[in-house]
Participant: 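Dropping a structure here in structure tokens format, bear with me for questions.
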Amino acid sequence: IVSGANTKSAYVPQSLSECQRQTPRDYQCYAKYYAVMTYDQGPKAAFVDMEREYNDDPFVKSECHQLAHIVGRTSYEKQGSLEKAYAEGDNFCWSGFYHGAIERAIVKMGDESIKKSTATICESFARKEPYSFNHFNCVHGLGHGLMAIAKYDLFNGLQLCKATKTSWEQESCYGGVFMENVMVAARGDGTSAYLDASRPLYPCTDVEQDFKQQCYLMQTSYILQHNGYDFAKTFQECAKADSGYTATCYQSIGRDASGSTNSDVNRTLANCLQAPAGDTEAVRNCMLGAERDFVSYFHSDAQARQLCQAFGEPYVAECDADVTRYYSTF
């Protein structure tokens, strides 16, 4: 449940303070703590604890999405049903719970079973609430899980996503594969077979055309991790993206401008304004990525509209319109 082969020992912390005393902080310690709490007390207790620690412990704040994955995985492990697990869910920290639950469901099903069921595993969500946040989380989480089925071979994981029924499901699944690829590096030693610090835009430069959109929407999370969150340099890297994908890469910066500040209006704006002087398209696309992340983070349009106002003219009208469109999908 915690991280498979990456688990360092059988040690399980009895309190979070045991993890907080370690230098450097150990992700595995935190993950085990929340896995045990979820299994013994349920996801609600785990999220109450995590949200309380979120504002006091920088490590919980920085790793909250992955820790929410752990809660989701554990919930599925205990419930044995995706729908039962989802009923216990919480959208805290970009809906990591739901991604983790579907991820665990896929691993439990096994390679051959999931390959046969890829097209139907999210069918109940597609039938009851098509294109909703639950539907998206199921298919996006499917991408995370298919990476495990593919033994973390990025290109094979992407091919497995093609078995989903619609282009929307395929795109959502591809996004999960690319996110898992970045997360593998983040929770391990900083590397992945499909990430290369000397080529910041890889693997986006090398994947098939069908996959480039979702790759570029994720890639700046890796770039920023390796350049000390230098947004100005990251804008420069995005300017080198494949033809037609520069704007997408700028939108990825916007998501990270929000994500790295826990969706703080002023700090998010400041990150986007590190675009090259006079490049209104870079700022505009960063804004679009950021306000969409605000909607996903808060599950509300109110904070995103505050961000729109902070950007000011000439961006406000387009920003507000995009918030309305994006929020309506959920």
Side-chain angles (χ1 to χ4, degrees), residues 65-66 69 94-96 98-103 105-107 111 114-115 117-123 125-126 130-186 192-196 200-223 238 241-256 259 285 288-289 292-293 296 326 329-330:
H65 183 77
Q66 296 210 60
H69 266 246
W94 298 279
S95 303
Y98 300 100
H99 304 168
I102 180 68
E103 190 178 42
I106 289 165
V107 172
D111 293 16
I114 190 57
K115 287 175 183 178
S117 306
T118 298
T120 57
I121 192 168
C122 296
E123 193 169 54
F125 301 106
Y131 311 116
S132 66
F133 213 34
N134 277 345
H135 187 191
F136 168 78
N137 280 328
C138 183
V139 187
H140 176 89
L142 176 64
H144 283 270
L146 290 176
M147 268 290 273
I149 295 296
K151 306 297 188 288
Y152 295 94
D153 182 312
L154 177 79
F155 293 95
N156 286 343
L158 292 168
Q159 292 299 328
L160 291 175
C161 282
K162 287 190 171 183
T164 54
K165 287 187 173 181
T166 68
S167 60
W168 182 88
E169 288 192 335
Q170 288 170 357
E171 287 287 314
S172 301
C173 185
Y174 300 156
V177 169
F178 287 116
M179 181 181 284
E180 182 64 19
N181 189 48
V182 172
M183 288 173 69
V184 165
S192 159
Y194 301 98
L195 293 167
D196 185 347
L201 295 176
Y202 175 81
C204 304
T205 50
D206 289 33
V207 296
E208 296 174 21
Q209 197 70 29
D210 287 351
F211 308 132
K212 286 184 181 290
Q213 175 73 9
Q214 291 300 320
C215 186
Y216 277 111
L217 275 175
M218 188 67 218
Q219 192 64 13
T220 61
S221 291
Y222 174 71
I223 296 172
C238 281
D242 289 306
S243 177
Y245 293 97
T246 302
T248 302
C249 194
Y250 290 153
Q251 289 173 25
S252 180
I253 293 177
R255 183 202 57 252
D256 291 321
N285 281 289
L288 294 174
R292 292 168 192 171
D293 192 68
S296 297
Y326 191 69
T329 66
F330 302 135

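Bear in mind the structure is a predicted one, so any value in this text is a computation, not a measurement.
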Participant: What is the distance from atom OG of S192 to atom OH of Y152, rounded to the nearest 0.5 Å?
Facilitator: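 So the OG of S192 and the OH of Y152 are separated by 10.5 Å.
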
Participant: Enter the distance from Y131:OH to T166:OG1 here, rounded to the nearest 0.5 Å.
Facilitator: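 Reported value, rounded in 0.5 Å steps: 5.0 Å.
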
Participant: Should M183 and H99 count as side-chain neighbours, where that means a heavy-atom distance under 4.5 Å?
Facilitator: no

Participant: Quick one, C122 with K165, criterion side-chain contact (heavy atoms from CB on, under 4.5 Å). Give me CA distance, side-chain angles, the key distance, then yes/no.
Facilitator: CA-CA 10 Å; C122 296; K165 287 187 173 181; over 6 Å; no

Participant: So K151 and D111, side-chain contact (heavy atoms from CB on, under 4.5 Å) or not? Walk me through it.
Facilitator: CA-CA 10 Å; K151 306 297 188 288; D111 293 16; 3.0 Å; yes

Participant: Hey, could you give me the SG/CG distance between C215 and L154, rounded to the nearest 0.5 Å?
Facilitator: 7.0 Å

Participant: Could you tell me whether F211 and F155 have their ring centroids closer than 6.0 angstrom?
Facilitator: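 No; F155 has its ring centre 6.0 Å or more from that of F211.
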
Participant: Quick check: closest heavy atoms across C249 and L201, and the distance to 0.1 Å?
Facilitator: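 Nearest heavy atoms, C249 then L201: SG-CD2, 4.4 Å.
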
Participant: Taking D293 for its side chain and G289 for its backbone only, find out whether a donor-acceptor pair lies under 3.5 Å.
Facilitator: no

Participant: Within the side chain of T120, is there an N or O that forms a donor-acceptor pair under 3.5 Å with the backbone of E123?
Facilitator: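 Not a single qualifying donor-acceptor pair exists.
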
Participant: Distance alone, cut at 3.5 Å: any donor-acceptor contact between the side chains of S252 and Q219?
Facilitator: no

Participant: In sequence, state the C-alpha distance, the side-chain angles, and the governing distance for I121 and I102, and then conclude on side-chain contact (heavy atoms from CB on, under 4.5 Å).
Facilitator: CA-CA 9 Å; I121 192 168; I102 180 68; 3.7 Å; yes

Participant: For the residue pair T220 and Y250, establish whether any side-chain heavy-atom pair is separated by less than 4.5 Å.
Facilitator: no

Participant: Has the side chain of Q170 got a donor or acceptor atom that lies under 3.5 Å from a matching backbone atom of K162?
Facilitator: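 The answer is yes, because a donor-acceptor pair under 3.5 Å joins these two groups.
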
Participant: If I compare all heavy atoms of P200 with all of I223, which pair ends up nearest, and what's the gap?
Facilitator: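 Nearest pair, atom of P200 first, then I223: O-CG1, 3.4 Å.
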
Participant: What closest approach, in Å, do G96 and H65 show between heavy atoms, and which atom pair accounts for it?
Facilitator: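 Scanning both residues completely, I find the closest heavy atoms to be CA-CE1, 3.5 Å.
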
Participant: Where do R292 and R255 land on the side-chain contact (heavy atoms from CB on, under 4.5 Å) test, with the steps shown first?
Facilitator: CA-CA 7 Å; R292 292 168 192 171; R255 183 202 57 252; over 6 Å; no

Participant: Output the distance between atom CG (L195) and atom CZ (F178), rounded to the nearest 0.5 Å.
Facilitator: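 Spacing of CG (L195) from CZ (F178) equals 10.5 Å.
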
Participant: If the plane angle is over 60° it's perpendicular, under 30° parallel, otherwise tilted; pick one for W168 and H135.
Facilitator: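 Judged by the thresholds at 30° and 60°, the geometry between W168 and H135 is tilted.
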
Participant: For Y216, which residues count as a ring pair (Phe, Tyr, Trp, His ring centres under 6.0 Å) partner, sequence neighbours excluded?
Facilitator: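 Counting only residues at least two positions away or on another chain, Y216 forms a ring pair (Phe, Tyr, Trp, His ring centres under 6.0 Å) with Y245.
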
Participant: Return the OH to CG distance between Y326 and L288, rounded to the nearest 0.5 Å.
Facilitator: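 Y326 OH to L288 CG: 11.5 Å, rounded to 0.5 Å.
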
Participant: So, for N156 and D153, which heavy atoms are closest and what is the spacing to 0.1 Å?
Facilitator: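 Nearest heavy atoms, N156 then D153: N-OD1, 3.0 Å.
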
Participant: Under the criterion side-chain contact (heavy atoms from CB on, under 4.5 Å), which of M147, H140, M218 is the partner of V177?
Facilitator: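 Between V177 and the candidates, side-chain contact (heavy atoms from CB on, under 4.5 Å) is satisfied uniquely by M147.
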
Participant: Kindly give the heavy-atom pair with the smallest separation between N134 and F125, and that separation in Å.
Facilitator: CB-CD2, 4.1 Å

Participant: Minimum heavy-atom separation for C238 to I253, with atom names?
Facilitator: SG-CD1, 3.7 Å

Participant: To the nearest 0.5 Å, what is the distance between CG (D210) and OH (Y174)?
Facilitator: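 Reported value, rounded in 0.5 Å steps: 5.5 Å.
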
Participant: Between D242 (side chain) and K212 (backbone), is there a donor-acceptor pair under 3.5 Å?
Facilitator: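 Side chain of D242 to backbone of K212, a donor-acceptor pair under 3.5 Å: no, none is there.
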
